[in-house]
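These numbers come from the heavy atoms of this one structure, side chains and all, not from hydrogens, waters or symmetry mates. Keep in mind that this is a model prediction, so the values were computed, not measured.
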Amino acid sequence: MFRITTQHRGRETVVLLDGRLEDNELDEVRRVLAASAEPVELNLGGLEACSGAGVRELRGSLDKGVRLGSATPFLKMLLTMRPDAPQSH
């Protein structure tokens, strides 16, 4: 199950994603983010799983200025890690 909830906190819109973000949910995520008044914070604390396309979509939203709020350490790493960056060993 997947759920998107929006909350307004002052001038900021908080978009909460809960459950499992699969590829078939990405259009709805795009629609909600595009319709949200800026500034926007993504709260991913309730996200249990995320497809590779979902990670790329969320990363793209962050690149466009959406702020990352709550997220698991692993998801934060996935969203901030650049796949084309050289890896240190």
Side-chain angles (χ1 to χ4, degrees):
M1 184 175 96
F2 178 71
R3 182 178 59 201
I4 303 174
T5 308
T6 58
Q7 300 175 345
H8 299 282
R9 193 170 51 202
R11 292 184 333 109
E12 184 174 59
T13 301
V14 180
V15 177
L16 297 96
L17 304 184
D18 294 294
R20 301 176 61 83
L21 177 55
E22 302 290 345
D23 295 354
N24 62 327
E25 306 289 353
L26 294 178
D27 286 340
E28 183 67 8
V29 172
R30 286 184 203 107
R31 187 193 68 71
V32 169
L33 288 174
S36 297
E38 293 184 2
V40 177
E41 175 187 302
L42 261 177
N43 181 318
L44 308 176
L47 202 60
E48 298 167 3
C50 188
S51 69
V55 169
R56 289 187 294 278
E57 185 68 33
L58 295 175
R59 189 181 293 142
S61 296
L62 298 176
D63 289 345
K64 293 176 187 169
V66 172
R67 189 172 71 79
L68 180 60
S70 178
T72 65
F74 182 71
L75 187 54
K76 282 182 183 180
M77 180 196 68
L78 287 178
L79 293 174
T80 58
M81 180 177 77
R82 295 298 172 197
D84 53 346
Q87 302 293 317
S88 61
H89 291 62

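- Thr6 and Val15 get closest at one heavy-atom pair: CG2-CG2, 4.0 Å.
- No path of Ile, Leu, Val, Met, Phe, Trp and Tyr side chains, each step under 4.5 Å between heavy atoms, connects Leu16 with Val66, placing them in separate hydrophobic clusters.
- In this view, Arg3 and Asp18 satisfy the salt bridge (charged side-chain N to carboxylate O under 4.0 Å, His left out) rule, not counting sequence neighbours.
- Of the inter-residue distances, the one linking Thr72 atom OG1 with Leu79 atom CG reads 8.5 Å to the nearest 0.5 angstrom.
- The minimum heavy-atom distance linking Gly54 with Leu26 is given by the pair CA-CD2, 3.7 Å.
- When all heavy atoms of Arg11 and Pro39 are compared, the closest pair comes out as O-CD, 3.7 Å.
- Between Leu44 and Leu21, every side-chain heavy-atom pair lies at or beyond the 4.5 Å cut-off.
- At least one donor-acceptor pair closer than 3.5 Å links the side chain of Thr13 to the backbone N or O of Ala37.
- Residues Leu58 and Leu17 form a side-chain contact, since some pair of their non-hydrogen atoms from C-beta on lies under 4.5 Å apart.
- Linking Ile, Leu, Val, Met, Phe, Trp and Tyr whenever their side-chain heavy atoms come within less than 4.5 Å puts Ile4 and Val55 in one cluster.
- Under a cut-off of 6.0 angstrom, the local environment of CZ in Arg20 is sparse, with at most 12 non-hydrogen atoms contributed by other residues, nucleotides or ligands.
- Side-chain contact between Leu42 and Leu33 is present, with heavy atoms from C-beta onward closer than 4.5 Å.
- In this structure, Gln7 CD and Glu12 CD are separated by 10.5 Å, a value rounded to the nearest 0.5 Å.
- When all heavy atoms are compared, the tightest approach of Leu68 to Lys76 is CD2-CG, 3.9 Å.
- Under the 4.5 Å side-chain heavy-atom criterion for Ile, Leu, Val, Met, Phe, Trp and Tyr, Val29 and Val32 are members of the same hydrophobic cluster.
- The side chain to side chain contact (heavy atoms under 4.5 Å, CB included) search around Arg31 returns Glu28, not counting sequence neighbours.
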